[in-house]
Each structure stands twice: as structure tokens, then as C-alpha cells.
**Q** 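Following this message is one structure expressed as C-alpha cells.
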Amino acid sequence: MSHPSTAPPSRPSSPAPLYRRSPVRIACVQFDVKLGRVSENAAKVERMTRDLQPGSLDLLVLPEMCLSGYIFNTPTSILPYLEPQRIGPTSLLARSLAQRLRCHVIAGYPEALPSAPQPSSSLEGLSSRSESNAGPSEMKQLEGEGTGVGWNSAVVVAPSGEVVGNYRKTFRFETDKSWAREGDGFMHFDLPEPLGRVAVGICMDMNPKDFVAPWDAFELANYCRDSAVDMLVVPMNWLSPPAEPPEVTPEEDPEAPSESNLNYWAARLQPLHDPVPGYATPRNEVTDPVGGKDVVFVACNRVGTEEGTKFIGTSSVMTISSDPSRIELVECCNVSEERVLLATVT
């Protein structure tokens, strides 16, 4: 994880130019994920993306834990939904979509520990409260004796269907801490043009660690700055925080995006658009005709209510520049719609 820095001694070169030779075409699938209904959720993604034409996209993004749902409050409740790398339901869906659409796909899923046993029967119809048939000693081993039974992860798939990356959530939300281990730190993946250097975060990674780290630590944004990323992709299960008493949380307009969350994400990315000196183009690099570093931010959230928790949608694509300092909202969804957001960044 990077720490704030006034001027990184040198920024690693990126595989994509500061200005892309061709536009990047992005899609986010914002939908109402149903808790524990893996096959049903996968079928909905297939239906929502069936009219997308092969070759029309460079990147397709699905939300955090997009097939399992999110609210699992105990290790035993999530055990039936943990997936192995590459061959779990989410990876298989992502690989199928990548091959059909000839694009990269990033999708969130609950990753099983390498030694975890896999369910032998279909997951359909299992409750999120399902208990394993394992005995007490076996269950204790499965639960990792309090250390976590898996990771909240995101898979990165190439157009060939090959899995080319796997990221594990670094900063865990309270719900994650009931079952998920902490990841190994922020990561990026060097992908072909026009994507370039792509950092992947998951939801809580946008926040100060544990909500107690200093606001201006900007952990994820500083990592992106210091790693010279071209794109930050964040699968989410993002909700509006409750207001502090005696305030009452205002009702969101269901036909509009959440402006408060758009502003919050922009504020959390401050080092990318209002940085300390040192992030402008170094003199030994090709000068950007507009100036500064251009970063694409992709937030893919979900909608609906799960276990009393309402998710706020507002999936969006923004472009962020440090010189001149600017943020442009390219496209976004509202707080309630199920929709495939399409955005082209030039």
C-alpha cells in the first residue's frame, strides 16, 4: 500500500499512452442482486447483456459479489457460496462474457480458500442462513478458527477467456469482517490498449481504512497516483450512510443518481485531480497536449435492498485530470434502475 508522497522519485511507465490512440468503451451492469440466488443472478446478467454486440466493448464490469449477494453475517452462512478461482460460477460467467463480447471483464465474487471443499450440489434455493452438514471439528476448520473463510475478490478476464488477474479486497467493511480475510494490498494489471494500467479496488477500498484512518491519507488514490494507473475500476455494494441523529436521511430521487455519492467518490480521488506537486507529466515523458495525467474512474454498483440494507446504484464513469485539475462525469445510472451503462471515453 502506498503512503502519501510529495513527489515519487520516478513513476513506472504505463503500457498505454497518456492520450489513447483510440477511445475506450466501457459497460457496467447495474442490477438488483438476489441474495444466494446464484443461477438466477447469472441468468439476469446474461439477459441484460445479450444485445451487446461482439467487439463493441473494451471492458465490461459487474458489481462486488455479483452472483452471491453481499450480506452474510457469519462464516457458515457464506460457506456454500464461496468460489474457487477460475472455475467458480462468477469466473465462468465472466469468461463466457469475455469470449462472446471479445472484451475484458472484471467481476466481484467471494473467493474460497485454496483448501476449502467445494459444494457437491447446486447452490440454487439455498438460504443465506444455510448450515453445512460438517461436524463441529470440521466446521471449526472450515471457519478458519476466526481468521476468515475466504476473500472478497474480483476476477479479471481477457477477451480470450483467460483469467489474467485476481484482486482481494484490502479494506474490509464490517460485513466483510464476519467472514473475509484481508487482501494483500492494492494491485494493478497492465492490460492491452486502450485499457492500459488498470487498478482494481472493491467498495470499502475507496474509504479511509476502518473509517478511522486520516481522511487525507487517500490510500487507494495515492496508490493509483504513485503507480501511474490509467484506469481505476471499483466493483461495489455501496449504500448511503445513515444520517447522524437527530438528522433524518433524505429520500433519494429514484429517477436520479446520488449526487452525494458522486461527490464523495470524487473527494476520495483528490490526489488524482488536485495533487501535491509531482504528479504532472515528468519532463522525460512525451508531453500530454492538454497536460497532466488522465485517469478513468469506473464505479459499478448494484441496486435493491438486501437484509434491510438499501444499495444506492449510481454506477458511473468519470475522467479525472490533474493538470488542469478537473473531473468530468461521462455517464452514470440513477439510484434504482437495472441497466447496462455504456460509456465511451476519448
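The chain is numbered in sequence order, starting from 1. As a basis for the values below, the full set of heavy atoms in this structure was taken, side chains included, without hydrogen atoms, waters or symmetry mates. Quick caveat: nothing in here was measured; it's all calculated off a predicted structure.
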**Q** Any non-hydrogen side-chain atom of Leu93 less than 4.5 Å from a side-chain atom of Leu62?
**A** yes

**Q** Is there a path of hydrophobic side-chain contacts, each under 4.5 Å between heavy atoms of I/L/V/M/F/W/Y residues, joining Leu272 to Leu329?
**A** yes

**Q** So which atom in Ala217 and which in Asn222 form the shortest heavy-atom distance, rounded to 0.1 Å?
**A** O-ND2, 2.7 Å

**Q** Between Ser160 and Arg95, is there a side-chain donor-acceptor contact under 3.5 Å, judged purely by atom types and distance?
**A** no

**Q** Rounded to the nearest 0.5 Å, what separates atom SG in Cys203 from atom CZ in Arg172?
**A** 14.5 Å

**Q** State, to 0.1 Å, how close Lys209 and Glu182 come at their nearest heavy-atom pair, and which atoms those are.
**A** NZ-OE1, 3.9 Å

**Q** Should Leu269 and Phe218 count as side-chain neighbours, where that means a heavy-atom distance under 4.5 Å?
**A** no

**Q** Could you pull out all residues at least two apart from Glu338 that satisfy salt bridge (Lys or Arg N to Asp or Glu O under 4.0 Å)?
**A** Lys44

**Q** Quick check against the 3.5 Å criterion: does Arg86 have a side-chain atom that pairs as donor or acceptor with the backbone of Val163?
**A** yes

**Q** To the nearest 0.5 angstrom, please state how far the CG atom of Asn166 sits from the CD atom of Gln85.
**A** 4.0 Å

**Q** Run the side chain to side chain contact (heavy atoms under 4.5 Å, CB included) check on Leu59 and Leu195 step by step: do they pass?
**A** CA-CA 8 Å; Leu59 176 67; Leu195 298 179; 4.0 Å; yes

**Q** Quick one: CG on Leu97 to CZ on Arg50, what's the gap to the nearest 0.5 Å?
**A** 13.5 Å

**Q** Are the side chains of Leu191 and His104 in contact, using a 4.5 Å heavy-atom criterion?
**A** yes

**Q** Only counting residues at least two apart or in another chain, list the ones meeting side-chain hydrogen bond (donor to acceptor under 3.5 Å, both in side chains) with Thr319.
**A** Arg326

**Q** What closest approach, in Å, do Trp151 and Trp179 show between heavy atoms, and which atom pair accounts for it?
**A** O-CH2, 3.5 Å

**Q** What distance separates Ser22 OG from Asp58 CG, expressed to the nearest 0.5 Å?
**A** 6.5 Å

**Q** Which residue pairs pass the salt bridge (charged side-chain N to carboxylate O under 4.0 Å, His left out) test when at least one of the two sits in residues 258-269, sequence neighbours left out?
**A** Glu219-Arg268

**Q** In this structure, would Val303 and Leu342 fall into the same cluster of hydrophobic residues linked by side-chain contacts under 4.5 Å?
**A** no

**Q** Is there a continuous path of hydrophobic side-chain contacts, each under 4.5 Å between heavy atoms, that joins Leu341 to Ile26?
**A** yes

**Q** Test of understanding: with side-chain hydrogen bond (donor to acceptor under 3.5 Å, both in side chains), list the residues that count as partners of Asn207, not counting sequence neighbours.
**A** Tyr264

**Q** Indicate yes or no for a side-chain donor-acceptor contact from Thr305 to the backbone of Gly308 under 3.5 Å, with no hydrogens or angles considered.
**A** no

**Q** Is there a side-chain contact between Phe72 and Leu35 in this structure, where contact means two heavy atoms from C-beta onward sitting under 4.5 Å apart?
**A** yes

**Q** What closest approach, in Å, do Ile312 and Ser258 show between heavy atoms, and which atom pair accounts for it?
**A** CG1-CB, 3.8 Å

**Q** Where do Leu220 and Met206 land on the side chain to side chain contact (heavy atoms under 4.5 Å, CB included) test, with the steps shown first?
**A** CA-CA 6 Å; Leu220 179 57; Met206 291 287 293; 3.9 Å; yes

**Q** Would a line drawn from the ring center of Phe171 to the ring center of Phe186 be shorter than 6.0 Å?
**A** yes

**Q** Quick one: do Trp238 and Val29 end up in the same hydrophobic cluster if we chain Ile, Leu, Val, Met, Phe, Trp and Tyr together by side-chain heavy atoms under 4.5 Å apart?
**A** yes

**Q** Between the main-chain N or O of Ser325 and the side-chain N or O of Ser322, is there a donor-acceptor pair closer than 3.5 Å?
**A** no

**Q** Using a 4.5 Å cut-off on heavy atoms from C-beta on, say whether the side chain of Pro63 contacts that of Asn301.
**A** no

**Q** Flag the pair Val317 / Cys332 as yes when at least one side-chain heavy-atom distance between them is below 4.5 Å, and no otherwise.
**A** no

**Q** Not counting sequence neighbours, which residues clear salt bridge (Lys or Arg N to Asp or Glu O under 4.0 Å) with Lys310? List them please.
**A** none

**Q** What verdict does the side chain to side chain contact (heavy atoms under 4.5 Å, CB included) test give for Val229 and Val198, after you've listed the backbone C-alpha separation in whole Å, the side-chain angles of each residue and the deciding distance to 0.1 Å?
**A** CA-CA 6 Å; Val229 305; Val198 179; over 6 Å; no

**Q** Within the structure provided, determine whether Asp230 and Val295 are in side-chain contact (heavy-atom separation under 4.5 Å).
**A** no

**Q** With the 4.5 Å side-chain cut-off for hydrophobic clustering, are Val345 and Val340 part of the same group?
**A** yes

**Q** Of the non-hydrogen atoms in Pro271 and Ala221, which two are nearest, and what is the gap between them?
**A** CD-CB, 3.6 Å

**Q** Can a donor-acceptor pair be found, under 3.5 Å and without considering hydrogens, that links the side chain of Arg197 to the backbone of Asp190?
**A** no

**Q** Can you tell me if Asp253 uses its side chain to pair, donor with acceptor, with the backbone of Glu255 under 3.5 Å?
**A** yes

**Q** Kindly compute the distance separating CD1 (Ile320) from CH2 (Trp265), expressed to the nearest 0.5 Å.
**A** 12.0 Å

**Q** Could you check whether any side-chain N or O of Glu306 sits under 3.5 Å from a backbone N or O of Gly304, counting only pairs where one atom can act as donor and the other as acceptor?
**A** no

**Q** Just by modelled atom types, is the Pro23 backbone N or O under 3.5 Å from a matching donor or acceptor in the Thr346 side chain?
**A** no

**Q** Are side-chain heavy atoms of Val45 and Phe31 found at a separation under 4.5 Å?
**A** yes

**Q** Spell out, as yes or no, whether a donor-acceptor pair under 3.5 Å connects the side chain of Asp294 to the backbone of Ser321.
**A** no

**Q** State plainly whether the residues Asp205 and Lys169 are in salt-bridge range, i.e. N to O under 4.0 Å.
**A** no

**Q** So, the side chain of Arg181 versus the backbone of Gly148: is there a donor-acceptor pair under 3.5 Å, distance only?
**A** yes

**Q** Before you tell me yes or no, could you show the steps for Cys66 and Thr90 under side chain to side chain contact (heavy atoms under 4.5 Å, CB included), namely the whole-Å CA-CA distance, both residues' side-chain angles and the distance that decides it to 0.1 Å?
**A** CA-CA 8 Å; Cys66 62; Thr90 304; 3.9 Å; yes

**Q** Enumerate donor-acceptor pairs with a distance under 3.5 Å from any side-chain N or O in residues 152-159 to protein atoms, sequence neighbours excluded.
**A**
from: Asn152; atom 1: ND2; to: Glu64; atom 2: OE2; distance (Å): 2.6
from: Asn152; atom 1: ND2; to: Asp176; atom 2: OD1; distance (Å): 3.0
from: Ser153; atom 1: OG; to: Glu111; atom 2: OE1; distance (Å): 2.7

**Q** Which one of Leu60, Val233, Val298, Val234 satisfies the side-chain contact (heavy atoms from CB on, under 4.5 Å) criterion with Ile106?
**A** Val233

**Q** Does the Ser227 side chain pair with the main chain of Tyr223, one donor and one acceptor, at a distance under 3.5 Å?
**A** yes

**Q** Please find the pair of heavy atoms, one from Arg25 and one from Leu57, that lie closest to each other, and give the distance.
**A** NH2-O, 3.7 Å

**Q** Could you give the distance from CG (Asn237) to CD1 (Ile71), rounded to the nearest 0.5 Å?
**A** 7.5 Å

